[in-house]
Amino acid sequence: MRLKSSYFYTMKENVSDEETVSGNLLTRSGMIKKSSAGIYILLPLGLRVIRKIEAIIKEEMENINCTELLMPSLLPEDVFIKSGRRDNFGKNMFALKDRNEKSYVLGPSHEEMFTIAANMKIKSYKDLPINLYQLQTKYRDEPRPRFGLVRLREFIMKDAYSFDKDLDGLDVSYQNMYKAYCNIFDRLGLNYTVVKADTGLMGGFLSEEFQALTEIGEDLLVVCEHCKYSSNIEIATCVDVAVENNEAHKEKELVHTPNSRTIEEVSKTLNEEAGKFVKTLIYKADNSFLACLVRGDRELNEVKLKKLLNIQSLEMASKEDVRNITGADVGFAGPIDLNITVVIDNEVTHMKNFIVGANKTDYHYKNVNLSDFKYKLAADIRNITEADPCPVCGKNIVFKKGIEVGNIFKYGSKYSESMGLYYADSNSSQIPVSMGAYGIGVERCLAAVVEQSNDEKGIIWPMNIAPFKACIVIANTSNERQVEVAEEIYNKLTAKGIDVLLDDRDERIGVKLNDMDLIGIPIRILVGKNIQNNIVELKYRNQKDFIELQYPNGLDEMNF
RNA sequence: CGGGGCAUAGCGCAGUUUGGUAGCGCGCACGGUUCGGGACCGUGAGGCCGCAGGUUCAAAUCCUGUUGCCCCGACCA
């Protein structure tokens, strides 16, 4: 591509509606442009990167015999009603009606559609296994799109689905996909880790996430560097061992704690550490209320709670509900004489003489013990902390932040049963197909790469996905010899099939070099003054110094 | 959905407190001087001050409503 006659622009300053490094660099380098919240234009340069990522994905999919097809974006709402997911997605689905008032949605995910497609082919065990995928635009009306290309409302997803006879078959497909995913993210040049995760909205019984490690990551990952345990915090298990505690059992005592609603406030009022408190969180779980107890300085883990009690919808109770249930203002709830279901965190069972709300405005109880109230069960319902031991080996864990760039699921028969995808085995029995699903967020990969690979000058693309592998900069376009040589190099490399950019703009050299640094082209060939001595200058974006190359021989020997 | 912030030229911002007819830098156009790391001088184009109402002789500025964008949170008990 010749820059002079192409769509290309850069910006010197950061834009105000992007907060992240990647959002800003991609915007400033003219690769993307925000259209509305969570929706972007992919400009020519940005699209080239997207296409390269897609090409890598396609190769790796073909390598494991996964076949591409393309689903529509506009889907009849009925299929989601049939699978039972219409309500799960709720407001996250963009919904619309056609002229005849028939309801459609913009596909947020395509399990149902792939199940329908699979049903056309799969009749017998002889038709299995089968793997299908697509690269297609997904629509999700996220409550809060953010972080540039990280959380989008319209985005390209590679979604693949495996269809097997049984769980053993599924396991083979799953492992193949796992390896393909590692290949893909390796080739993209991402620094990532794989963690166990909640199956969430998609359902099923196993999910692992490929997490690109960056500070702007929205997911908190729990990693043990001793035994390789790694998990999304949402399902990281807390192991609470009873600690030696010789404290004498004391009698509970009502204490006055005016205007002390939060743990922070009460701990100040009573001059006690947060760890001495047990907080009581009132939830509305489906259609009943629930009180959950965790230590004052801990966070409740809603994913664990939902799983534990098989809850569909879980939200904090309203102020009014809390008042009705506890008889006190928000901030003074406690488990004593509370007549709703009480669930306590395992850790609380090891505590003695702790402090809880008194269900009376401006009062707490201190020296409370388990025998002072009733509870339905004790379980692991809190978030793990960095001070907790690894649940597998007991050693130290660390937290990391990640962007979820890929996710793989074992569904089993969840969708095949709801969508009626059965095959005949050798006895002609109808057996539900075992399914797996495998997603990659294409724009997210791009954002994650930029987050991980940049400097004060701009983006540093890995060779595999750079919009161009090399750029040729003409130092002075009014020098005929420089132009001539640059053209020769450009034509030669182009003829070899190498993506190369020719900066033939009539700009000062500084402008051109800075632009090339900003857009992050890995290899730069500068044709300038030294061409008098048949020398061109070669510089790698990720290195500091340039190399003098003899022209033309030095270039001909280079590998791109 | 709750809280906060912002909206003025393509981009970044000032002007709003105290109402008087719009400004700076970058970018863009033209001319000149420059020309190996974002040049300099001069001239110039470009804005319904997010949108809709209202107050006023007069509104970017005050009032009401609305939309969009960003951030924080989705909690605290």
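Chain letters run A, B, ... following the sequence lines, proteins first, then strands; residues in each count from 1. Please read all numbers here as calculations on a predicted model, not as lab measurements.
Out of B:C28, B:G12, B:C69, the shortest distance to the side chain of A:Arg153 is found at B:C69. Minimum atom distance to the side chain of A:Ser16 is reached by B:C13, of the listed B:C70, B:C13, B:G37. Closest to the side chain of A:Glu302, out of B:C28, B:C70, B:C75, is B:C75. Checking B:C13, B:C11, B:C76 against the side-chain heavy atoms of A:Leu281 singles out B:C76 as nearest.
Taking the P atom of each, B:U21 and B:G12 are spaced 27 Å apart, rounded to whole Å. A gap of 12 Å separates the C1' atoms of B:C11 and B:C28, to the nearest Å.
Within the nucleic acid shown, A:Gly357 has no heavy atom closer than 4.0 Å to any nucleic acid atom. At a threshold of 4.0 angstrom between heavy atoms, the contacts of A:Lys457 include nucleobase atoms, whether or not backbone atoms are also involved. Contacts of A:Val266 with the nucleic acid, taken as non-hydrogen atoms under 4.0 Å apart, are absent. Residue A:Asp17 is classed as a sugar-phosphate contact, given heavy-atom separations below 4.0 Å to backbone atoms only. Within 4.0 Å (heavy atoms only), A:Glu537 reaches at least one base atom of the nucleic acid. Residue contacts for A:Ser36: at a heavy-atom cut-off of 4.0 Å it reaches the sugar-phosphate backbone alone, with no base atom in range. In this structure, A:Asn14 reaches the sugar-phosphate backbone alone: every heavy-atom distance under 4.0 Å involves primed, P, OP1 or OP2 atoms, never a base. Base contact: A:Arg524 has a heavy atom under 4.0 Å from a base atom. The residue A:Asn479 sits apart from the nucleic acid: no heavy atom pair falls under 4.0 Å.
Within 3.5 Å, no donor on the side chain of A:Asn476 pairs with an acceptor on the base of B:G36, nor the reverse.
Taking every heavy atom of both residues into account, A:Arg382 and A:Thr385 meet most closely at NH1-CG2, 4.2 Å.
Pairing of B:U17, defined by two Watson-Crick or G-U wobble distances under 3.5 Å, is not identified with any nucleotide. The partner of B:C49 is absent, by the rule that a Watson-Crick or G-U pair needs both atom distances under 3.5 Å. Across every strand in view, B:A29 sits in a pair with B:U43 that passes the Watson-Crick or G-U test at under 3.5 angstrom. Nucleotide B:A59 is matched to nothing when pairs are restricted to Watson-Crick or G-U wobble geometry with both distances under 3.5 angstrom. The pairing partner recorded for B:G36 is none, the criterion being a Watson-Crick or G-U wobble arrangement whose two distances lie under 3.5 angstrom. In a base pair of the Watson-Crick type (N1 to N3 plus N6-O4 or O6-N4) or a G-U wobble (N1-O2 and O6-N3), with each distance short of 3.5 Å, B:C1 is matched with B:G73.
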* Structure fact -> In 5'-to-3' order, the base (B), backbone-only (S) or no-contact (-) status of each nucleotide in nucleotides 39-47 of chain B, using a 4.0 angstrom heavy-atom cut-off, is B--------
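Annotation for A:Glu484: atom CD counts as buried by contact number, over 12 foreign heavy atoms lying within 6.0 Å.
Between A:Glu218 and A:Arg146, at least one side-chain N (NZ, or NE/NH1/NH2) sits under 4.0 Å from a carboxylate O, which counts as a salt bridge. With respect to the salt-bridge test (charged N to carboxylate O, under 4.0 angstrom), the residues A:Lys306 and A:Asp198 do not qualify. A salt bridge between A:Glu487 and A:Arg2 is present, with a side-chain N of the basic residue lying under 4.0 Å from a carboxylate O of the acidic one. Using a 4.0 Å cut-off between charged nitrogen and carboxylate oxygen, A:Glu247 and A:Lys352 do not count as a salt-bridge pair.
In terms of phosphate contacts, A:Lys33 brings no side-chain nitrogen or oxygen within less than 4.0 Å of OP1 or OP2 of B:G10. Side-chain N/O atoms of A:Arg146 include one lying less than 4.0 angstrom from OP1 or OP2 on B:C72.
Remark: A:Thr361 pairs with A:Ala328, A:Asp329, A:Phe332 by the side chain to side chain contact (heavy atoms under 4.5 Å, CB included) rule, at least two apart or across chains.
Using bins of under 30°, 30° to 60° and over 60° for the plane-to-plane angle, the ring pair A:Tyr363/A:His256 lands in the tilted bin.
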